[in-house]
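Atoms within each ligand, like the ligands themselves, are counted from 1 in listed order.
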Amino acid sequence: MVDIHTHILPGLDDGSRSLEESVDMAVIAAENGLNHIVASSHGNCFPYSMEEYWEQFRNLQSELRNRQIPVTLYPGMEIYLDEDAQELLEKQELLSINNTRNLLVEFPMEEESQNICRRIAEIQKMEYTIILAHPERYVSVQREPELAYYLEEEGCVLQINAESLLGKFGTAEKRVSRQMLRDGIVGVIATDAHDSVYRKPSVRRVREHLSKYYPSQLIHLWLSENPSRILKGYPILDAKRDRIKEYKE
Ligand SMILES: [Fe+2]
C-alpha cells in the first residue's frame with residue numbers, strides 16, 4: 001500500500017522529532033503494509049530550506065536501507081495554500097508529489113469556503129491537480145459538506161485521514177468523512193502520520209472498520225491503487241462511477 005501523506009522526516013515540521021522516531025514510524029508503516037510513503041512535510045509554514053528537506057530525505061532513506069526496513073520514500077510537501085503559495089510554486093520552492101503535477105494542499109481549519117475555492121482554482125490554472133488534504137477537518141466542509149462535493153466535481157482529489165473515519169479528531173470529522181466515503185467522492189485515504197505513538201502510520205484499524213462495510217476492491221482503490229496512481233502522475237479511478245455499485249453499507 002501507498003501512503004501519500006506523512007510527516008516522517010525528522011526536525012523539519014511538527015512531525016517526527018528525531019531520526020530514531022522516523023525509523024520507528026517506518027517500522028510501523030512496514031508492519032501495516034505501507035511500503036511506499038510520501039514524506040510530505042508541511043511546506044511553506046515551517047522555516048526549513050529545500051536543501052535541509054533533501055538532506056533529511058536522503059538521510060532517512062539510507063538509514064532505512066541500512067536497517068533493511070522495506071519502506072521507499074518519495075518526495076513531496078503538504079502545501080499551505082495561502083496567498084504566497086502561488087509565487088513559491090512558480091519559483092519552484094515547493095515540492096509536488098514525487099515530481100508529478102499533483103500537489104498535496106491544506107488550508108487553515110477555519111478558512112472560508114470562498115477562499116478555498118478561489119485559491120484552488122488559481123492553482124488549477126497552473127495545470128496542477130489538487131489533492132486536498134483532510135477536507136473533513138475544515139469547519140466550512142463540516143458546516144456545508146456540499147463544498148467537498150463541489151470541489152470533487154471541479155477536479156480535486158479528496159484525501160481523507162484514516163483516523164478521521166474512526167473518530168480520532170472528533171464526531172464532525174467522523175460523520176463527514178464517512179459520508180464522503182459513502183457517496184464515492186473520496187479519492188484516497190492516507191495516515192497524515194506525525195509520530196510513532198499518537199498519530200502513527202497505521203491503517204490496520206481503519207481496514208478492519210472498512211471491511212465491515214465495503215468490498216475489498218474499494219478498500220484497495222483507496223489505500224493502494226489510487227495513491228499509487230497519484231505517485232506516478234496517472235489519473236485516479238473514480239469510486240463513484242467505477243466501483244460504488246458494489247457498496248454495502
Ligand atoms: Fe499533514
For a distance under 2.8 Å, tell me if His5 has an N/O/S atom near the Fe ion (ligand 1).
yes
Asn161 vs Phe169, test: side chain to side chain contact (heavy atoms under 4.5 Å, CB included). Steps then yes/no.
CA-CA 10 Å; Asn161 284 0; Phe169 302 102; 3.9 Å; yes
Write down the atom of Asp238, the atom of Gly184, and the distance for their closest heavy-atom approach.
OD1-O, 4.0 Å
If I consider every N, O or S atom in Glu78, which one ends up closest to the Fe ion (ligand 1)? I only need its name.
OE1
Closest approach to the Fe ion (ligand 1) by Asp192, given as the N, O or S atom name:
OD1
Heavy-atom donor-acceptor pair, Ser224 side chain to Leu221 backbone, under 3.5 Å:
no
Provide the atom name of the closest N, O or S atom of His7 relative to the Fe ion (ligand 1).
NE2
Under 3.5 Å donor-acceptor, Asn35 side chain and Ala30 backbone:
no
